[in-house]
Amino acid sequence: MQEINLKVKMGNKLPIQALKQISEIWKNAFGAIRPPKPDRKWYAKHIFFIVYDSSGILSVGTLQTIKINFLDKKYNILGIGGIASLIKKKGYGKILMAAMHNYIIKKRKTAIGFCSNDNNIFYEKCGFKIAKDLVKQFLYINTKGKLIKNKRDDDVIYLSGKDRFMEKVLYSKEKILLTRPHW
C-alpha cells in the first residue's frame with residue numbers, strides 16, 4: 001500500500017507542473033471547457049491543500065481570502081474552493097477536508113464555500129455546516145457596479161469564525177456583496 005501524504009502550500013510556492021496537474025483535475029471534476037490557467041501569480045495567495053502519493057495528486061482544494069461587504073461592514077473570510085478528488089470513495093477527499101477543517105479552526109476564521117446539494121452529506125461528515133438556499137443572498141458586484149446573482153442552485157458550506165459573520169448572515173435576509181464571483 002502506498003503512503004498517502006498531505007501538503008499545504010501557498011500557490012506561489014507550487015511548481016508550475018503541479019499547477020498544470022491541478023488545472024487538469026479541476027477541468028475533469030468541474031467540466032470546464034478548458035482548465036484554469038496554471039498561473040502562479042493568480043494563485044499566489046491561494047492556500048493549496050494537496051493529498052498525494054508516489055503516483056501524484058489524489059485530491060486538492062484551496063482556501064483564499066475573500067473580501068465581503070455585509071451590513072456596511074467589511075469582512076475577510078476564507079473561501080473554500082476547488083475541492084476535487086481524482087478517485088472517489090477512497091477517503092482522499094475526507095483527508096483533504098479534515099486538513100482544511102483543522103486549518104480553519106486553528107485560524108479561527110470564517111470559511112465559506114458553495115456545493116451542489118448532492119455533496120451536502122459529505123461536507124457534513126467532514127464537520128462543516130450547511131445552509132440551504134443561502135446562496136441567493138450572495139451577489140457579486142462587477143467592475144461596472146452591476147449586481148450579479150449566482151445562477152447555480154448551490155448550498156453554502158461553512159465554518160464560523162471569531163467574527164461571527166455566519167451567525168449574522170443566518171439571522172438576516174440582507175444581501176452579501178462580493179468583490180469577486182463565486183469561488
Side-chain angles (χ1 to χ4, degrees), residues 8-14 19 22-23 26 29-30 32 36-37 39-50 60-84 93 96-120 122-124 126-183:
V8 179
K9 275 198 168 189
M10 296 300 294
N12 61 353
K13 301 289 185 200
L14 285 174
L19 287 172
I22 291 166
S23 291
W26 285 342
F30 306 122
K37 190 176 174 187
D39 182 348
R40 247 202 213 122
K41 186 176 178 183
W42 172 255
Y43 292 116
K45 294 186 179 181
H46 288 62
I47 305 164
F48 280 81
F49 291 76
I50 302 168
V60 64
T62 67
L63 293 175
Q64 60 183 297
T65 299
I66 304 289
K67 295 175 187 204
I68 292 180
N69 296 312
F70 181 67
L71 297 175
D72 296 322
K73 189 172 176 189
K74 295 183 190 297
Y75 293 89
N76 288 320
I77 61 117
L78 292 173
I80 304 166
I83 308 300
L96 175 81
M97 294 312 296
M100 292 177 89
H101 185 279
N102 292 340
Y103 181 92
I104 294 162
I105 296 298
K106 183 178 176 183
K107 295 293 185 184
R108 300 183 63 210
K109 297 281 285 182
T110 295
I112 298 172
F114 304 98
C115 73
S116 71
N117 315 81
D118 300 340
N119 295 330
N120 287 352
F122 168 75
Y123 289 111
E124 284 178 321
C126 293
F128 290 83
K129 296 185 180 189
I130 306 293
K132 294 181 178 287
D133 299 322
L134 189 63
V135 75
K136 295 172 185 148
Q137 284 178 245
F138 285 83
L139 299 174
Y140 162 59
I141 303 173
N142 72 12
T143 55
K144 296 178 182 174
K146 183 178 178 185
L147 291 176
I148 311 291
K149 292 181 183 179
N150 186 7
K151 294 182 175 147
R152 295 177 46 182
D153 189 27
D154 290 342
D155 288 330
V156 174
I157 65 168
Y158 70 94
L159 286 176
S160 292
K162 67 180 177 183
D163 62 8
R164 307 196 45 81
F165 173 74
M166 282 305 297
E167 286 78 359
K168 295 169 191 169
V169 167
L170 291 168
Y171 291 107
S172 172
K173 297 291 182 200
E174 292 295 318
K175 301 299 180 199
I176 301 148
L177 305 177
L178 306 174
T179 57
R180 57 156 294 169
H182 291 187
W183 48 96

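The first residue in the sequence is number 1, and the count goes up from there.
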Show, in sequence, the C-alpha distance, side-chain angles and deciding distance for Ile80 and Phe128, and conclude whether the side chain to side chain contact (heavy atoms under 4.5 Å, CB included) test is met.
CA-CA 11 Å; Ile80 304 166; Phe128 290 83; 3.7 Å; yes
Minimum side-chain heavy-atom gap Leu178-Ile148 below 4.5 Å
no
Partner set under side chain to side chain contact (heavy atoms under 4.5 Å, CB included) for Lys13, not counting sequence neighbours
Lys9, Met10
Give a yes or no answer on whether the side chain of Asn119 reaches the backbone of Phe122 with a donor-acceptor pair at less than 3.5 Å.
no
For the CD1 atom of Ile77 and the CD1 atom of Ile68, what is their distance to the nearest 0.5 Å?
4.0 Å
Working to the nearest 0.5 angstrom, can you tell me the gap between Asn69 CG and Lys73 NZ?
12.0 Å
Could you state the interatomic distance from CG (Leu78) to CD1 (Ile66), rounded to the nearest 0.5 Å?
9.0 Å
Gln137: which residues meet the side chain to side chain donor-acceptor pair (under 3.5 Å) condition with it, sequence neighbours left out?
none
Is it the case that the side chain of Lys109 and the backbone of Asn76 share a donor-acceptor pair, with hydrogens and angles ignored and the cut-off at 3.5 Å?
yes
Do Ile22 and Ile50 come close enough that some side-chain heavy atom pair is under 4.5 Å?
yes
Once you measure the plane-to-plane angle for His46 and Phe48, does it fall in the parallel (<30°), tilted (30-60°) or perpendicular (>60°) bin?
tilted
Can you sort out the partners of Thr143 under side chain to side chain donor-acceptor pair (under 3.5 Å), two or more places apart, ordered by chain and number?
none
Sub-4.5 Å side-chain heavy-atom contact between Leu159 and His101:
yes
Minimum heavy-atom separation for Phe138 and Leu134, please, with both atom names.
CD1-O, 3.6 Å
With no hydrogens and no angle check, is any side-chain donor or acceptor of Trp26 less than 3.5 Å from a backbone partner on Gly82?
yes
I want to check something: taking the side chain as every heavy atom from C-beta on, are Cys115 and Ile157 in contact at a cut-off of under 4.5 Å?
yes
List in chain and number order the residues that pass side chain to side chain donor-acceptor pair (under 3.5 Å) with Asp155, two or more places apart in sequence or in another chain; answer none if no residue qualifies.
Asn117, Asn120
Run the numbers on Tyr103 and Ile47 for side chain to side chain contact (heavy atoms under 4.5 Å, CB included), then give the verdict.
CA-CA 10 Å; Tyr103 181 92; Ile47 305 164; 3.1 Å; yes
Measure across Tyr158 and Ala131 and return the closest heavy-atom pair with its distance rounded to 0.1 Å.
CE2-CB, 4.0 Å
Before you tell me yes or no, could you show the steps for Val135 and Phe114 under side chain to side chain contact (heavy atoms under 4.5 Å, CB included), namely the whole-Å CA-CA distance, both residues' side-chain angles and the distance that decides it to 0.1 Å?
CA-CA 8 Å; Val135 75; Phe114 304 98; 3.7 Å; yes
Side chain to side chain contact (heavy atoms under 4.5 Å, CB included) with Leu147: which residues, sequence neighbours excluded?
Leu139, Ile141, Leu177
Side-chain donor-acceptor distances from residues 161-168 under 3.5 Å, at least two apart:
unit_1 : atom_1 : unit_2 : atom_2 : d
Asp163 : OD1    : Thr110 : OG1    : 2.5
Asp163 : OD1    : Phe165 : N      : 3.0
Glu167 : OE1    : Ser160 : OG     : 3.4
Glu167 : OE2    : Ser160 : OG     : 3.1
Lys168 : NZ     : Tyr75  : OH     : 3.2
Lys168 : NZ     : Asp163 : O      : 3.1

In short, Ile104 meets Ala111 closest at the heavy-atom pair CD1-CB, 3.5 Å
Roughly how far, to the nearest 0.5 Å, is CG of Leu63 from NZ of Lys107?
11.0 Å
I need the minimum non-hydrogen distance between Phe30 and Ile83, along with the two atoms involved.
CZ-O, 3.4 Å
Using every non-hydrogen atom in the two residues, find where Cys126 and Met97 come nearest and quote the distance to one decimal.
SG-CB, 3.6 Å
